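Order of the sequence lines sets the chain letters (A, B, ...), proteins ahead of strands, with each chain counted from 1. Please read these numbers as outputs of a predicted model, since none were measured by experiment. As a basis for the values below, the full set of heavy atoms in this structure was taken, side chains included, without hydrogen atoms, waters or symmetry mates.
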Amino acid sequence: MIDIKFIRNNPELVKEAVRNKNEKADIDKLLAIDESRRKLQFDFDNLKSQQNTVSQTIARKKKAGENADAELSEMASVAEEIKKINAELSVANSELEAMLLTVPNIPQPEVPVGRDESCNTLVRIWGEQPTFGFEPKDHLEIANQNGFLDLARGAKISGSGFPIYTGQGARLERALISFMLEYHLQKHGYEELMVPLAVNRKTMTGTGQLPKLEEDMYHINEDDLFLIPTAEVPVTNFYADEVLSHKDLPKCLVAYTPCFRREAGSYGKDTKGLQRLHQFNKVEMVRFVEPEKSPEALEEMLCNAEAILQAFGLHYRVINLCTGDTSFASQRTYDLEVWAPGSGKYLEVSSVSNFGEFQARRANIRYKDSTGKVRHLHTLNGSGLATPRLMIALLETYQQEDGSFKAPEVLKPWLEMRV
RNA sequence: GGAGAGUUGCCGGAGCGGUUGAACGGGACGGUCUCGAAAACCGUUGUAUCUUUACGGGUACCCAGGGUUCGAAUCCCUGACUCUCCGCCA
């Protein structure tokens with residue numbers, strides 16, 4: 001959420017951000033509501049002030065045994081008026097609140113302006129595309145040949161986009177999750193959380209999924225709960241409505257969760273195999289930092305995510321997203337795209353974003369700085385990483401000529417957990 | 001699912017419908033004392049919002065939302081959450 005005072009003082013800047021992000025929040029209307037709301041608030045405060053004063057007089061008179069009928073009848077009409085204005089005020093307040101929730105975050109200056117992904121820029125490339133002495137197969141062929149996946153039965157049980165990992169495939173998936181979690185815990189200093197997969201409306205609003213993305217999420221009607229599309233939601237909201245101390249910052253959390261996405265409106269796009277799913281696994285990093293430190297933290301998290309791909313020896317590139325491609329809540333986002341040699345393309349496996357105070361305002365997460373002042377902190381998050389496309393890259397990169405799969409050395413211990 | 005109890009400031013914990021933004025205690029911070037510290041003593045210790053160049057002032061907030069009243073932390077209704085007991089269950 002953008003500070004209403006900021007919108008008041010920089011309306012053009014906010015409108016530009018709305019345009020550049022292909023959003024459609026009506027800033028002029030928002031400001032008009034804000035204006036009338038403040039007028040109502042002013043009237044309300046004055047009437048209340050009058051009421052408080054006279055009420056005290058009444059109290060004093062009654063205590064002294066004097067007659068207070070004059071004041072009482074005077075206050076009856078004031079009370080009436082207050083009730084009326086209060087009703088208008090709460091309507092105006094909720095209107096403003098609703099509108100504020102539709103205003104996207106403002107991209108940082110470093111973010112290239114552009115409508116869509118064609119305007120994204122390349123930051124760097126790591127490694128090289130591997131070469132094969134044979135025609136590399138795509139991940140589905142490898143998976144099928146080795147019995148790693150059973151998509152047909154997943155579709156039977158739930159529908160397409162709900163994969164079943166079988167045998168060594170299931171084990172590999174679990175190994176990836178464990179490896180990544182432990183990597184971030186041991187080498188990058190994160191703390192682990194295991195969180196609820198179904199969360200309430202307030203939580204979804206806190207990180208910015210609601211109101212915009214309601215259609216993209218699975219919803220449990222009975223209890224008005226949503227299945228999380230990313231661990232970002234429960235983990236960021238971990239500190240909702242709290243005031244932390246600057247001594248607690250930065251706070252670095254990591255969590256593994258399944259993620260659920262309806263992917264409404266994207267049917268038919270990149271649907272082959274594990275490329276686009278309704279349920280997938282992801283390890284997510286989240287940081288809570290002091291405002292001044294967030295740009296630096298973003299770079300660190302990017303490196304944390306890259307470290308995983310490097311450990312696996314996978315070729316990838318880092319992309320700087322343009323305004324039109326950064327999400328509603330983000331100020332700045334890097335994508336990590338891993339090379340899938342069998343499919344012959346780069347696949348997004350991570351998105352690392354700085355949200356500034358946008359989410360902290362929505363979720364009401366604050367901290368007390370070293371001077372004792374209470375401020376909103378900055379939140380960031382990054383996938384570290386999502387497994388399906390990572391699995392694709394691994395299978396395709398480490399396939400053998402006979403179609404078998406040879407896992408990279410670092411994964412060996414994780415695939416051979418002895419009991 | 002049934003029965004009961006509860007939700008007050010950083011924490012513990014008071015609070016008759018009328019100077020209660022909130023007693024009292026603890027903690028934290030500042031000061032006095034001390035070579036230094038402890039103890040003791042004194043003082044400070046909320047958030048949001050409007051207004052003001054500033055000093056300051058107004059208003060709201062005692063889980064949330066409604067209601068009663070001139071006036072609600074205090075009375076009534078609804079909801080959320082916590083705890084105890086019973087039932088059910090991995």
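Taking atom C1' in both B:A60 and B:G2, one finds a spacing of 40 Å when rounded to whole Å. To the nearest whole angstrom, the two P atoms, one in B:G79 and one in B:G71, are 26 Å apart. Only the P atoms considered, B:C10 is 13 Å distant from B:C62, to the nearest whole Å. Of the P atoms belonging to B:G21 and B:U74, the separation is 14 Å, rounded to the nearest Å. Between the C1' atoms of B:U32 and B:G26, the separation comes to 22 Å (whole Å). Separating the C1' atom of B:G46 from that of B:A28 is a span of 14 Å, rounded to the nearest Å. The gap from the P atom of B:C16 to that of B:C63 amounts to 15 Å, rounded to the nearest Å. Atom C1' of B:U7 sits at a distance of 15 Å from the matching atom of B:A14, rounded to the whole Å.
Contact annotation: A:N52 side-chain N/O to B:U59 OP1/OP2 distance is under 4.0 Å. Side-chain nitrogen and oxygen atoms of A:K83 include none within less than 4.0 Å of the OP1 or OP2 phosphate oxygen of B:G71.
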- request: Start with the C-alpha distance between A:V235 and A:E284, add both sets of side-chain angles, then the distance that settles side-chain contact (heavy atoms from CB on, under 4.5 Å), and finish with yes or no.
  value: CA-CA 9 Å; A:V235 176; A:E284 182 79 5; 6.0 Å; no
message: I'd like to know whether A:V283 forms a side-chain contact (heavy atoms from CB on, under 4.5 Å) with A:H184, so could you lay out the CA-CA distance, the side-chain angles of the two residues, the decisive distance to 0.1 Å, and finally the verdict.
response: CA-CA 10 Å; A:V283 169; A:H184 295 311; 4.0 Å; yes
message: Under the criterion salt bridge (charged side-chain N to carboxylate O under 4.0 Å, His left out), I'd like the reasoning laid out for A:K15 against A:D28: C-alpha separation, chi angles, the key distance, then a yes or no.
response: CA-CA 9 Å; A:K15 285 182 199 172; A:D28 287 325; 2.9 Å; yes
task: Applying salt bridge (charged side-chain N to carboxylate O under 4.0 Å, His left out), run through A:E409 and A:K412 and close with a yes or a no.
output: CA-CA 5 Å; A:E409 284 301 316; A:K412 289 272 165 66; 3.0 Å; yes
message: For a side-chain contact (heavy atoms from CB on, under 4.5 Å) check, start with the C-alpha distance between A:R287 and A:T379, then their side-chain angles and the critical distance, and finish with the verdict.
response: CA-CA 6 Å; A:R287 291 200 189 192; A:T379 62; over 6 Å; no
- request: Show your working on side-chain contact (heavy atoms from CB on, under 4.5 Å) between A:L96 and A:S94 and close with a plain yes or no.
  value: CA-CA 5 Å; A:L96 182 71; A:S94 47; over 6 Å; no
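Ring pair A:H219/A:F226 is tilted by interplanar angle, where 30° to 60° counts as tilted. Ring planes of A:F162 and A:H278: tilted class, angle from 30 to 60°. Ring planes of A:H188 and A:Y190: perpendicular class, angle over 60° (limits at 30 and 60°).
Between A:D248 atom CG and B:C10 atom C1' the separation is 13 Å, expressed in whole Å. If you measure from atom CG of A:L89 to atom P of B:G58, you get 20 Å, rounded to the nearest angstrom. Atom pair A:L40:CG and B:G58:P shows a separation of 22 Å (rounding to whole Å applied). The separation between A:E80 atom CD and B:U69 atom P is 10 Å, rounded to whole Å.
Of the residues in residues 54-66 of chain A, those lying under 4.0 Å from RNA chain B by heavy-atom distance are A:S55, A:I58, A:A59, A:K62. Within residues 92-106 of chain A, no residue has a heavy atom under 4.0 Å from RNA chain B.
For the atom pair A:L390 CG and A:M180 CE, the distance stands at 5.5 Å (nearest 0.5 Å).
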field: 5'-to-3' dot-bracket of RNA chain B (Watson-Crick, G-U; under 3.5 angstrom; crossing pairs as [ ]; | other strand)
entry: ((((((((.[[[..)..(.....]]]((((((.......))))))((((((....)))))).[[[[[..)....]]]]])))))))....
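Toward the 5′ end of RNA chain B lies the nearest nucleotide of A:S49, the other residue of the pair A:A76 and A:S49 mapping further downstream. Across the interface with RNA chain B, nearest-nucleotide mapping of A:L72 and A:N86 shows A:N86 to be the residue nearer the 5′ end.
Judged purely by distance below 3.5 Å, without hydrogens or angles, the side chains of A:T203 and A:N200 pair a donor atom with an acceptor atom. In the model, A:E306 has a side-chain atom that pairs as donor or acceptor with a side-chain atom of A:Y316 under 3.5 Å.
Counting any heavy atom pair closer than 4.0 Å across all strands shown, A:Q51 reaches sugar-phosphate atoms only and no base atom.
Applying the ring-ring contact (aromatic ring centres under 6.0 Å, His included) test to every pair with at least one member in residues 230-262 of chain A, sequence neighbours left out, gives these pairs: A:Y239-A:F288.
Listed for the A:T257 side chain is no donor-acceptor partner under 3.5 Å among the backbone atoms of A:C259.
Just one residue in the list A:S353, A:S383, A:S351 forms a side-chain hydrogen bond (donor to acceptor under 3.5 Å, both in side chains) with A:D335, and that residue is A:S351.
Considering all non-hydrogen atoms of both residues, A:E396 and A:G342 come closest at OE1-N, 2.7 Å. The two residues A:G403 and A:N146 make their nearest non-hydrogen contact at O-ND2, 3.1 Å.
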Enumerate all atom pairs, one protein N or O and one N or O from nucleotides 44-51 of chain B, separated by less than 3.5 Å.
unit_1, atom_1, unit_2, atom_2, d
B:U47, O3', A:R366, NH1, 3.2
B:C50, OP1, A:R8, NH1, 3.4
B:C50, OP1, A:R8, NH2, 3.4

Taking N or O atoms only and anything under 3.5 Å, show me the protein contacts with nucleotides 77-83 of chain B, one pair per line.
none

